[in-house]
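Quick notes on the structure that follows.
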There are 2 protein chains.
Amino acid sequence: MTSTAAPAGAARARVERAALALFASRGFDAVTADEVADAAGISRRTFFRYYPTKADAVWGDFAAHVDRLDGLLRAAGPDRPVLATICAAYAEVNDYGDDDLPVLRQRMRLILTEPALQAHSQLRYAEIDRVVAEHVARSTGEDPAGLLPRLVAASTRAAATTAFAAWLADDRTDLARQLHRAFDELAAGFPTLRG
Amino acid sequence: MTSTAAPAGAARARVERAALALFASRGFDAVTADEVADAAGISRRTFFRYYPTKADAVWGDFAAHVDRLDGLLRAAGPDRPVLATICAAYAEVNDYGDDDLPVLRQRMRLILTEPALQAHSQLRYAEIDRVVAEHVARSTGEDPAGLLPRLVAASTRAAATTAFAAWLADDRTDLARQLHRAFDELAAGFPTLRG
DNA sequence: AACGCTAGTGGCACCCAGTGCCAGGAGCAA
DNA sequence: TTGCTCCTGGCACTGGGTGCCACTAGCGTT
């Protein structure tokens with residue numbers, strides 16, 4: 001594997017691109033794993049070695065994503081408000097270059113739209129929540145399994161996904177702005193509701 | 001169907017009880033749909049007519065649940081704070097008698113613990129979010145698809161599920177208290193984080 | 001050059017969730 | 001009895017996911 005004709009992760013990347021394209025054009029359920037494998041030039045069996053489920057092909061290397069988020073949270077100064085730190089970490093982790101933005105849009109549109117992917121996303125979100133809850137626990141000295149860390153993790157993740165949805169619906173605004181809008185509402189206890 | 005030997009929904013209830021018991025004792029994935037059907041005394045085919053997926057057998061009549069929530073939100077006075085209304089509605093919908101509490105515990109433990117059910121829950125939560133977001137939209141005059149209604153729906157649902165988790169972890173407190181703790185934190189913008 | 005080791009690959013068979021189709025059978029009305 | 005309707009169960013089929021095994025490519029050893 002170390003150095004075949006193509007570099008190491010090339011096949012994986014090809015699979016991911018093929019999967020995204022097929023799912024986006026024909027719908028997640030209407031595309032079989034065989035078709036994705038064929039389009040990527042590998043066998044069905046190998047496809048399921050790259051990605052344990054069909055849904056995982058949409059997420060790419062999500063573990064690295066979570067690791068980056070974890071690193072950002074651990075590196076954040078303890079003086080900063082916790083919610084601001086989490087918002088900044090979400091924003092930075094999802095700060096793609098202009099070339100990769102269309103891919104991110106396609107990916108998020110699928111995840112937020114297709115029921116099967118929507119369901120699967122909960123499992124991925126749980127990994128994020130774990131990392132965020134641990135950060136809150138470190139910051140406050142509480143048990144990561146306690147109410148507050150879990151609540152902050154779940155709420156901020158709700159804010160993030162809502163921001164993603166708003167960003168998808170409106171092409172003109174950028175993601176960071178939507179994230180800040182959502183987190184500001186959350187941090188202030190939804191002042192708009194009282195107005 | 002109108003009146004066979006047993007009342008109409010008896011078979012459905014039997015399926016639900018059998019499913020809950022089997023899933024709780026051996027794990028959701030380790031139990032096949034055939035086994036649940038056998039235990040309930042019906043055929044596999046009929047099982048899938050009662051519940052479209054194996055996971056749905058755990059949720060029982062969830063549509064009625066959502067309808068009740070919707071009714072409570074629509075009936076709430078407009079003078080009351082929105083978050084308080086939502087919290088009260090969540091509490092009332094989940095206010096079971098002492099006899100049914102063990103069933104609720106079993107159900108929620110499965111949903112929050114088993115990965116497959118965790119994933120499936122996202123689809124059910126989406127129905128709740130729709131109803132809550134519409135309520136917020138009615139209260140504020142905004143578009144139900146806008147940022148604020150979606151954000152409030154997602155955040156309050158996060159608070160509710162977190163309260164459920166805390167309730168499951170601690171047998172002594174009741175669910176309503178946990179719901180209020182979580183919603184109070186949320187409504188105040190997590191004051192504990194600043195203390 | 002021949003040997004063995006290792007790692008990735010693909011084919012095959014299998015299990016299980018979910019679905020479409022069709023053949024009964026129970027109840028009811030005329 | 002006949003016809004209609006609704007529920008049920010059996011059967012076959014698709015598709016996701018997995019365990020097993022055989023093959024091959026690369027690489028170091030002798």
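Labels below follow one simple rule: chain letters A, B, ... track the order of the sequence lines, proteins then strands, and each chain is numbered from 1.
A:Val31 comes within contact range of the sugar-phosphate backbone alone, with a heavy-atom separation under 4.0 Å but no base atom that close.
Ionic pairing of B:Arg12 and B:Glu16 is not present here: no N-O contact between side-chain nitrogen and carboxylate oxygen is shorter than 4.0 angstrom. No salt bridge links B:Arg181 with B:Glu185; every basic N to acidic carboxylate O contact stays at or beyond 4.0 Å.
A straight line from NE2 of B:His120 to C1' of D:dG16 spans 18 Å, rounded to a whole angstrom. Counting to the nearest Å, the P atom of D:dG15 and the CZ atom of A:Phe23 are 13 Å from each other. Rounded to whole Å, the distance from CG on A:Asp38 to P on C:dT9 is 16 Å. Following rounding to the nearest Å, B:Asp56 (CG) and C:dT19 (C1') show an atom-to-atom distance of 15 Å.
Comparing A:Ala33 and B:Ile42 by the nucleotide of DNA chain D whose heavy atom lies nearest to each, the residue mapping closer to the 5' end is B:Ile42.
Remark: aromatic rings of A:Phe183 and A:His180 are distant, center separation not under 6.0 Å.
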Between N or O atoms, less than 3.5 Å apart, protein on one side and nucleotides 17-21 of chain D on the other: list the pairs.
{"unit_1": "D:dG17", "atom_1": "OP2", "unit_2": "A:Lys54", "atom_2": "N", "d": "2.6"}
{"unit_1": "D:dG17", "atom_1": "N7", "unit_2": "A:Arg44", "atom_2": "NH2", "d": "2.3"}
{"unit_1": "D:dG17", "atom_1": "O6", "unit_2": "A:Arg44", "atom_2": "NH2", "d": "3.0"}
{"unit_1": "D:dG19", "atom_1": "N7", "unit_2": "A:Arg45", "atom_2": "NH2", "d": "2.9"}
{"unit_1": "D:dG19", "atom_1": "O6", "unit_2": "A:Arg45", "atom_2": "NE", "d": "2.6"}

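Here salt bridge (Lys or Arg N to Asp or Glu O under 4.0 Å) pairs that include residues 169-178 of chain A, with residues two or more places apart or in two chains, are A:Arg105-A:Asp171, A:Asp170-A:Arg172, A:Asp174-A:Arg177.
Nearest nucleotide to the side chain of A:Asp34, out of D:dG16, C:dT9, D:dG9: D:dG16.
Contact between the side-chain N/O atoms of A:Thr46 and the OP1/OP2 oxygens of C:dG10 is found at a separation under 4.0 Å. For C:dG8, neither phosphate oxygen OP1 nor OP2 lies less than 4.0 angstrom from any side-chain nitrogen or oxygen of A:Tyr50.
For the side-chain hydrogen bond (donor to acceptor under 3.5 Å, both in side chains) test with A:Asp129, the passing option among A:Arg157, A:Arg124, A:Gln122 is A:Arg157; the others fail.
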Which donor-acceptor pairs under 3.5 Å do the side chains of residues 75-85 of chain A make with protein atoms, sequence neighbours left out?
{"unit_1": "A:Thr85", "atom_1": "OG1", "unit_2": "A:Pro81", "atom_2": "O", "d": "3.1"}

